[in-house]
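So you know, we letter chains A, B, ... as the sequences are listed, proteins then strands, and number each from 1. The analysis underlying the following values was restricted to heavy atoms, covering all of them including side chains, and did not include hydrogens, waters or symmetry mates.
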Amino acid sequence: MIQSRAAKLLLRAATSLTLVFIYVPLAVITLYSFNDSRSLTWPIPGFTLNWWGKALENTGARDALITSVKAGLGATGIALVLGTLAALAVHRYRFFGRETISFLVILPIALPGIVTGMALNATISTVFEPIGISFGLLTVVVGHATFCIVVMYNNLLARLRRSSRSIEEASMDLGADTWQTFRYVTFPQLRTALLAGGLLAFALSFDEIIVTTFTAGPVKTLPIWIFQNFARPNQIPIINVVAVIVILLSMIPVYIAQRLTQESGILRRR
Amino acid sequence: VQLGLLLAPPLGWLLIAYLGSLAVLFISAFWSVDSFSGDLVRHPTLHNFRTLVETPVYRQITGRTVGIAAAVTVADALLAFPIAFYMAKVASRRMRGLLVIAILMPLWSSYLVKVYAWRIILQEDGFFNWLLSPFGLSGPGFGDVATWLVFTYLWLPYMIFPIYAGLERLPDSLLEASSDLGGRGWLTFRRVIMPIAFPAVVAGSIFTFSLSLGDYITPTLVSNTQFIGNVVYDNIGVAGNLPFAAAFATVPVVVMVAYLLLARRLGAFRAL
């Protein structure tokens with residue numbers, strides 16, 4: 001333990017300052033969403049709820065929001081299946097190349113987004129388009145799923161490592177078949193890890209812009225809509241409100257995921 | 001047989017949809033574009049890489065990108081350590097839980113919105129200059145310093161968590177033993193805490209480094225200088241020279257793969 005009083009005080013001060021650093025920009029943008037004036041000067045001259053009303057009526061933003069939710073759900077679904085399969089395989093079996101799997105799943109998120117984006121862009125135009133799948137929601141889902149797998153995989157693998165194999169063996173000894181054992185014994189142990197992983201994967205997808213830019217074609221997710229509207233000064237007050245909505249929507253799943261599982265690494269909740 | 005069934009879908013996906021396309025990308029880096037017709041010439045050449053190495057502007061852009069990524073990593077490590085240490089070793093259980101959530105939520109909340117917030121804060125008559133003006137100072141304005149600051153802000157939580165997780169595994173008794181044996185604060189830090197925390201810092205740096213290397217949106221919004229990502233992006237879009245974009249994109253990939261291999265050797269993967 002840290003004994004010295006001075007050291008504790010210093011650490012506490014540093015922690016508070018860091019928290020201020022993290023939250024001030026979010027607070028500033030929130031205040032701007034109530035900005036009375038169209039210009040972005042500080043201090044803010046006056047406050048109004050006007051733009052919140054206008055933003056909620058904005059069809060462009062609303063369509064983009066719906067697209068983002070669809071893409072997030074689709075990507076989370078695929079990542080859930082693929083990540084679960086990979087985690088089960090790595091946990092249950094010893095095989096050649098086992099160590100490489102965790103390297104492979106982390107690659108899409110460890111490599112710069114622009115590279116992942118370009119690579120997927122090339123695949124889509126050379127493989128998907130000839131078979132009639134053009135750039136659109138589906139390709140966004142494919143792209144997002146690719147980098148969401150790691151979140152599911154890491155969450156689940158961590159949970160599997162903590163849960164004991166002997167309960168499953170007991171279930172099999174008592175006459176349950178493979179499916180029954182999975183349904184009644186394995187799955188309940190994994191449930192919260194799956195849910196937490198899913199929520200994080202959704203938040204990751206909801207937030208993403210770079211890979212999306214390369215896979216979306218004409219489709220607009222919410223981040224893309226925001227980015228495109230930066231160039232239009234008369235949209236600024238609306239963007240400010242949408243920005244705050246995005247912050248809220250991506251924080252809520254994370255909060256729930258955290259409550260479900262406690263403790264943390266970046267890519268997994270134990 | 002069961003193993004095959006479990007592995008086939010995820011591996012198939014990653015190998016085909018991802019590694020396959022990465023391979024295509026690298027091959028296309030050796031192609032070129034006919035300057036007259038604008039068509040792809042699928043004939044292997046080192047032309048793109050020669051341009052990268054020989055053109056001073058590209059050397060400068062590479063240097064700037066890697067330099068800022070490194071500066072961001074250092075700044076994040078310095079900022080992250082005290083708060084991670086406080087969370088792991090000083091804070092009460094309840095406080096720790098609150099802090100985890102407080103740092104986790106902005107980590108996952110919209111990247112673009114945070115960059116935008118900084119753009120507003122850093123602009124001429126924005127919050128930052130207002131804050132500094134009583135001291136007769138003014139902010140950095142838009143440029144490399146702003147990019148560095150915003151990157152540092154954006155990736156900070158990615159550094160805090162691995163360090164926190166690493167320090168949490170460090171038993172209190174080790175610290176006590178060190179101080180019982182006469183180790184002062186600094187000595188304990190250097191000889192006991194650092195060896196255990198180092199892989200965690202490396203784990204965090206994977207994110208801070210990689211995320212900085214590939215970003216083109218932050219420089220677009222808070223700077224007027226170019227980063228690797230900007231050049232790559234422009235060559236895909238406006239300039240339409242995909243092979244050159246692919247060639248330049250291999251630079252961060254090579255840097256990152258080397259970095260990942262090194263990180264794995266240093267034991268950083270267990271800290272993720």
Side-chain angles (χ1 to χ4, degrees), chain A residues 1-4 7-8 11-12 14-15 18-19 22 25-26 28-29 32 40-43 81-82 85-86 88-89 93 95 102 104-105 108 110-115 118-120 122-123 126 142 146 149 200 203-204 207 209-210 223 226-227 243 246-247 250-251 254-255 258 264-267, chain B residues 3 6-7 9-10 13-14 17-18 20-22 24-25 79 82-83 85-86 89-90 100-102 104-106 108-114 116-118 120-121 123 125-127 130 156 158 161-162 165 172 175-176 185 206 210 213-214 216-217 229 232-233 236 249 252-253 256 260 269 272:
Chain A
M1 270 307 181
I2 294 299
Q3 268 114 16
S4 128
K8 266 191 195 173
L11 281 170
R12 195 163 291 150
T15 302
T18 311
L19 283 177
I22 290 176
L26 301 180
V28 167
I29 185 83
Y32 271 116
L40 291 171
T41 51
W42 185 275
V81 174
L82 297 182
L85 293 177
L88 284 173
Y93 299 94
F95 54 90
S102 34
L104 190 60
V105 293
L111 288 183
I114 194 164
V115 173
M118 279 173 76
L120 289 167
T123 313
T126 53
V142 167
T146 307
I149 293 176
L200 294 178
L204 195 62
D207 183 32
I209 177 157
I210 295 182
I226 296 176
F227 193 65
V246 170
I247 292 176
S250 49
M251 279 185 168
V254 176
Y255 180 79
Q258 181 59 24
S264 64
I266 288 183
L267 299 172
Chain B
L3 173 67
L6 284 177
L7 270 181
W13 180 282
L14 284 170
Y18 191 62
S21 28
L22 276 182
V24 173
L25 188 67
L79 280 174
I83 188 167
F85 196 89
Y86 180 80
K89 294 292 162 210
V90 182
V100 167
I101 292 188
L104 207 58
M105 286 198 309
W108 292 88
S109 85
S110 182
Y111 154 85
L112 184 63
V113 168
K114 285 182 283 189
Y116 173 59
W118 274 102
I120 298 178
I121 288 171
Q123 69 182 355
D125 39 15
F127 179 76
W130 173 81
L156 179 59
Y158 290 87
F161 276 105
D172 291 345
L175 298 180
E176 280 158 19
I206 293 175
S210 161
L213 279 185
Y216 65 90
I217 299 212
V232 173
Y233 187 74
I236 298 168
V253 173
M256 269 330 286
L260 281 175
F269 276 31
L272 282 177

- Can you list the steps and then say if B/V232 with B/Y216 is a side-chain contact (heavy atoms from CB on, under 4.5 Å)? CA-CA 9 Å; B/V232 173; B/Y216 65 90; over 6 Å; no

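Contact count against chain B (heavy-atom pairs under 4.5 Å) is highest for A/T146 among A/T146, A/I247, A/I226. Heavy-atom pairs under 4.5 Å with chain B were tallied for A/L111, A/T18, A/L88; the largest tally goes to A/L111. Of the listed residues (A/L204, A/I149, A/L26, A/V105), the one with the most heavy-atom contacts under 4.5 Å to chain B is A/L204. Put simply, of A/I29, A/V81, A/L104, the one with the most heavy-atom pairs under 4.5 Å next to chain B is A/L104. Ranked by heavy-atom pairs shorter than 4.5 Å toward chain A, the options B/I101, B/V24, B/L213 are led by B/I101.
Contact of A/I22 with chain B is made through backbone and side chain together, with heavy-atom distances under 4.5 Å. Contacts between A/V115 and chain B at a heavy-atom distance below 4.5 Å involve backbone atoms as well as side-chain atoms. In this structure, the portions of B/L22 lying under 4.5 Å from any heavy atom of chain A include both its backbone and its side chain. Of the two parts of B/L79, the backbone and the side chain both hold a non-hydrogen atom closer than 4.5 Å to a non-hydrogen atom of chain A. The parts of B/I83 that come within reach of chain A are both its backbone and its side chain, each placing non-hydrogen atoms under 4.5 angstrom from that chain.
With a 4.5 Å cut-off on side-chain heavy atoms, A/P112 and B/M256 count as touching. At a threshold of 4.5 Å between non-hydrogen side-chain atoms, the residues B/F85 and A/L11 count as touching. You'll find the side chain of B/F161 reaches within 4.5 Å of the side chain of B/V100, heavy atoms only.
Put simply, CG on A/L120 and OH on B/Y18 are 7.0 Å apart, with the number rounded to the nearest 0.5 Å.
Closest approach of A/I210 and A/G113 over heavy atoms only: CG2-C, 3.6 Å. Counting all heavy atoms, side chain and backbone alike, B/A249 lies closest to A/M118 at CB-SD, 4.0 Å.
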